[in-house]
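Since the structure comes first, as structure tokens, the remarks are kept for the end.
Below, chains carry the letters A, B, ... as their sequence lines are ordered, and counting in each starts from 1. Just so it is clear, the model here is predicted, and its values are computed rather than measured.
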Amino acid sequence: MSESRWPRRQLLTGAIGVGAGAVAGVGATLGSQRYAHADEPAQPDHVEFHGAHQAGIVDAAPARSTFVSFDVLAADRAQLTELLTTITRRARFLTAGGTPPNPGITAPPDDSGILGPQVPADRLTVTVGVGASLFDHRYGLGDRRPTHLRPMRTFPNDDLDPAWCHGDLSVQFCAPNPDTVIHALRDVTRATRGAMQIRWKLDGFVPPPRPSGTPRNLMGFKDGTANPDAADAHRMDQVVWLGREAGEPAWTRGGSYQVVRLIRMRLEFWDRISTAEQELLFGRRRDNGAPLDGTHEHDAPQYAKDPVGSAIPLTSHIRRANPRTAKTASSILLRRPYNYDRGVDAVGDLDMGQLFVCYQRDLAAQFEAVQTRLIDEPLVDYITPFGGGYFFALPGVRDDHDHYGSALLA
Amino acid sequence: MRRARRTAVIAATALLALAGCTGHDGGEVALTVSRSGCATEWHDPHGGEQTFRVHNVGINTTEVELVDPANGAVYAELENLGPGATRPMQVTLGRGRYAFRCLPEDTDAVTGPTVTVTDGPKRGAPAIVPVDEQVLRGPVDTYRSSVQHAFPTLRRDVRRLAAAVRSGDRAAARRAWLPAHLDYERLGAAYGTFGDLADAIDRLPAGLPKGVHDPGFTGFHRIEYGLWHGESLPALRKPADALSADVAKLVTQFRTERVDPNDLPLRAHEILEMTLQFELTGEADQGSGTTLATARANVDGTVAVLDALRPVLRSRFRGLSAADAALHKLRTLLDAQYRHGTWTPVDDLSAPQRRAIDGAAGEALERLAPIAALAQVRRAQ
């Protein structure tokens with residue numbers, strides 16, 4: 001490393017030129033291979049950006065995501081509005097796809113180029129939420145805070161790292177391919193540089209069904225079997241979307257409380273306990289996801305017939321989370337979890353687990369009620385929540401003239 | 001956050017009996033169990049890999065085991081088969097005699113007819129002679145008395161710690177902290193039995209809204225935090241006295257507390273699971289830099305459990321000597337970090353030293369883990 005900086009930089013410039021060509025070549029190959037799969041169900045190439053609600057909430061989770069928490073640096077309300085307008089503009093372009101403008105020789109390229117010269121929509125979704133801290137003194141929004149929006153609580157089994165908690169804004173990018181997610185993240189952070197800064201970020205992935213049904217978490221269990229039907233719009237109005245809510249500011253209509261919990265799984269420990277013990281901890285069979293009193297994944301557990309927990313222990317995860325009584329029906333929420341991989345920990349064990357995301361109309365009556373029932377469940381020995389936050393997913397961007405948070409900032 | 005106190009997650013298990021009828025279904029044998037018997041219709045048995053689809057057509061949750069009728073050794077089992085449920089039992093059958101045994105909740109076991117396999121491989125899946133509460137009584141007694149034997153030293157050292165804190169001599173208090181803490185850590189196996197007192201005595205600040213400054217942060221690590229973070233000694237009198245009181249309470253409570261026999265096999269690997277997670281990562285350290293000393297004490301605690309279980313494991317666990325060897329290796333590596341009266345803080349280890357210790361701990365854990373499964377309490381009758 002004895003060369004001066006100038007020659008190295010010139011060298012790098014040349015090398016990048018070659019590399020970019022090579023990358024584009026690989027991309028083209030992958031693309032044609034991908035379309036060669038004739039058995040894949042045909043899907044529209046983009047997810048509609050405009051609407052009463054944001055995308056990326058009730059639509060099925062594609063294979064890849066990144067969840068990013070930002071702190072806002074905007075100096076005042078006008079700059080905050082500008083920030084949200086910029087995010088809107090970029091999200092609108094990225095989710096539709098197209099050709100980025102070419103600045104010619106006047107500037108570095110507008111686009112990172114990782115998706116090639118034409119940006120495909122690739123079913124990208126961008127979902128924006130606001131955290132409680134955005135409603136502090138900085139932007140004069142104190143009286144517009146959604147009623148239940150507070151900093152995430154510390155639950156007794158948590159081991160929260162402040163560097164991985166909270167944030168002013170949440171942005172979740174989801175797409176079937178990881179390069180689409182990274183491309184969108186780079187685009188949005190670049191366009192907003194100086195107005196917001198990443199606080200923490202975690203990438204997610206969802207495996208395909210193995211062999212069928214609900215995808216499995218990293219503990220080997222199907223996860224999400226009992227979710228309410230996200231395709232049922234009426235049900236989503238009951239569970240997820242705020243309507244004209246008593247006690248909530250009017251701007252919240254069409255939005256949803258978003259809870260994200262970063263949950264480390266102790267996978268080495270987990271792999272050292274018997275299948276029978278694993279099944280009793282969850283209350284479901286590992287092989288096909290059936291409740292322990294049932295035969296098939298979607299059999300409903302019959303708790304009334306099992307009052308002492310003979311088949312499904314009273315302390316098992318599914319029974320605590322959703323006791324299926326009339327009284328607890330109001331705590332049902334919509335989960336949209338991803339797995340995460342954060343490398344290895346200090347002792348060389350895998351730092352993997354769940355990037356848990358859920359949506360609801362009422363934080364206290366839904367997520368917090370469920371999480372309170374789960375306090376000290378036996379499963380806690382194998383999982384450690386280390387971060388996350390409470391956010392409010394903004395109402396959708398209605399049309400080309402609208403932007404994120406328009407009602408909030410009006 | 002609390003330390004793991006994994007209690008055996010055993011479902012409560014329901015009533016009556018079972019019967020059987022069988023049928024072949026594409027290489028699988030369908031069995032139904034109900035109150036009139038236990039898989040009485042398993043005809044035409046064959047060796048090799050088999051899947052039994054066991055359907056509980058009765059009204060009670062039951063366990064179903066495939067056993068060697070000569071000695072009751074279990075080849076395969078289905079726990080908590082609920083009324084109406086069908087579950088597969090997969091097992092490789094060698095030549096020999098087999099019977100199904102049904103253990104319905106709250107009533108006597110029912111054993112189905114003996115069948116003989118005459119084809120297929122000579123040896124099939126290994127069987128374990130089940131461990132019941134009776135078998136574990138001896139190990140539990142051994143373990144209980146080892147804990148009780150250690151109590152006077154723990155009480156004495158905790159009192160010395162409190163006295164040193166009261167004396168106002170920080171160096172003396174720091175010197176008194178480690179022996180007392182290690183006395184407690186050597187009891188590792190007892191976490192589950194100690195209940196809420198285990199939290200009061202040895203909790204970490206995680207899970208408390210205000211962390212190390214939370215009033216709920218108590219016990220050894222609270223005092224450690226104060227001693228190594230320049231808190232005034234008078235401010236530590238209260239936590240030190242509370243620790244003495246909690247330990248005294250523990251000693252009294254333990255006399256009458258029942259040790260769940262299932263705890264022992266679980267603790268065989270669980271003590272070191274916690275060591276890996278909290279001590280070898282350094283996460284438990286509140287300033288003293290002694291997590292390797294704690295790890296060493298946890299190895300002693302694990303050996304105490306293993307020694308208590310040894311009579312039960314000798315005939316059942318082929319991996320016993322390998323587990324002993326792995327523990328010995330870990331112990332030797334840890335002992336090498338105790339020099340001139342002090343323990344190396346985990347962060348001061350070189351990367352190769354650290355990998356060697358973490359690897360040895362991981363290996364010991366893998367070798368110990370089968371004990372929880374094979375010595376789990378199974379019903380005899």
Side-chain angles (χ1 to χ4, degrees), chain A residues 153-162 264 266 268-283 285 287-288 290-296 299 301-302 305-316 344-349 375-382 384-386, chain B residues 1-15 55 59-62 77-88 105 204-211 266 269-270 273-274 276-277 280-283 346-347 354-355 357-359 361-362 365-366 368-370 372-374 376:
Chain A
R153 267 175 61 185
T154 302
F155 288 87
N157 309 114
D158 291 356
D159 187 4
L160 300 178
D161 177 348
R264 166 85 187 269
R266 306 280 160 188
E268 287 79 4
F269 186 7
W270 183 252
D271 288 345
R272 286 190 279 259
I273 73 172
S274 70
T275 309
E277 190 175 351
Q278 293 180 353
E279 291 181 336
L280 290 169
L281 287 163
F282 272 108
R285 278 165 54 181
D287 58 355
N288 70 352
L292 290 180
D293 65 350
T295 304
H296 305 290
D299 289 350
Q302 304 296 313
K305 292 183 186 165
D306 184 21
V308 296
S310 306
I312 302 180
L314 302 176
T315 57
S316 65
V344 291
D345 71 5
V347 295
D349 278 354
I375 289 172
D376 290 348
E377 60 167 332
L379 190 65
V380 298
D381 288 347
Y382 309 92
T384 308
F386 67 90
Chain B
M1 159 166 327
R2 46 183 69 209
R3 307 276 181 139
R5 58 166 64 155
R6 175 168 158 215
T7 40
V9 205
I10 304 294
T13 306
L15 301 168
H55 182 194
I59 55 162
N60 300 106
T61 299
T62 186
E77 69 183 346
L78 292 178
E79 289 190 78
N80 312 305
L81 185 67
T86 301
R87 290 171 66 179
E105 199 173 60
L204 291 169
L208 296 172
K210 291 180 186 158
L266 293 178
H269 74 112
E270 185 164 275
E273 297 283 3
M274 297 301 101
L276 184 63
Q277 188 176 330
L280 297 183
T281 55
E283 216 174 283
V346 75
D347 287 338
R354 193 152 183 183
R355 278 195 287 272
I357 290 172
D358 295 341
L365 282 165
E366 296 293 343
L368 292 164
L374 65 86
Q376 180 201 320

*Where is the tightest heavy-atom contact between B/L276 and A/D349, given as atom of each residue plus distance?*
CD2-OD2, 3.3 Å
_Minimum heavy-atom distance between B/A85 and A/L292, given as atom pair plus value_ =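 Minimum heavy-atom contact is CB-O, 4.5 Å.
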_Distance (rounded to the nearest 0.5 Å) between B/L266 CG and A/E277 CD_ = 5.5 Å
*So how far is it from B/N80 CG to A/R285 CZ, rounded to the nearest 0.5 Å?*
12.5 Å
*For the pair B/R87 and A/E279, find out whether any cationic side-chain nitrogen is under 4.0 Å from an anionic carboxylate oxygen.*
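Looking at A/E279 together with B/R87, the answer is yes, because their closest N to O distance falls below 4.0 Å.
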_Is B/E77 in contact with chain A via its backbone, its side chain, both, or neither, using a 4.5 Å heavy-atom distance?_
neither
*Tell me, side chain or backbone of B/P370 under 4.5 Å from chain A's heavy atoms, or both, or neither?*
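The answer is neither part of B/P370.
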*A/D345: what forms a side-chain hydrogen bond (donor to acceptor under 3.5 Å, both in side chains) with it, not counting sequence neighbours?*
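Counting only residues at least two positions away or on another chain, A/D345 forms a side-chain hydrogen bond (donor to acceptor under 3.5 Å, both in side chains) with A/R264.
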*Counting only heavy atoms closer than 4.5 Å, note whether A/D271 contacts chain B via side chain, backbone, both or neither.*
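A/D271 has no heavy atom closer than 4.5 Å to chain B.
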*Should A/T154 and B/L208 be marked as a side-chain contact (heavy atoms from CB on, under 4.5 Å) after you check the CA-CA gap, both sets of side-chain angles, and the distance that decides it?*
CA-CA 7 Å; A/T154 302; B/L208 296 172; over 6 Å; no
*Between the side chain of A/S310 and the main-chain N/O of B/T61, is any donor-acceptor distance below 3.5 Å?*
no
Hey, does [Y] have a side-chain heavy atom less than 4.5 Å from the side chain of [X]?
{"X": "A/S274", "Y": "B/E79", "value": "no"}
{"X": "B/H269", "Y": "A/I273", "value": "yes"}
{"X": "B/L368", "Y": "A/R272", "value": "no"}

*Chi angles and distances behind the side-chain contact (heavy atoms from CB on, under 4.5 Å) call for B/M274, A/F269*: CA-CA 9 Å; B/M274 297 301 101; A/F269 186 7; 3.6 Å; yes
*Run the numbers on A/T295 and B/H55 for side-chain contact (heavy atoms from CB on, under 4.5 Å), then give the verdict.*
CA-CA 9 Å; A/T295 304; B/H55 182 194; 5.9 Å; no
_Could you walk me through whether A/D159 and B/E283 satisfy the side-chain contact (heavy atoms from CB on, under 4.5 Å) test, starting with their C-alpha distance in whole Å, then the side-chain angles of each, then the deciding distance to 0.1 Å, before giving a yes or no?_
CA-CA 11 Å; A/D159 187 4; B/E283 216 174 283; 3.0 Å; yes
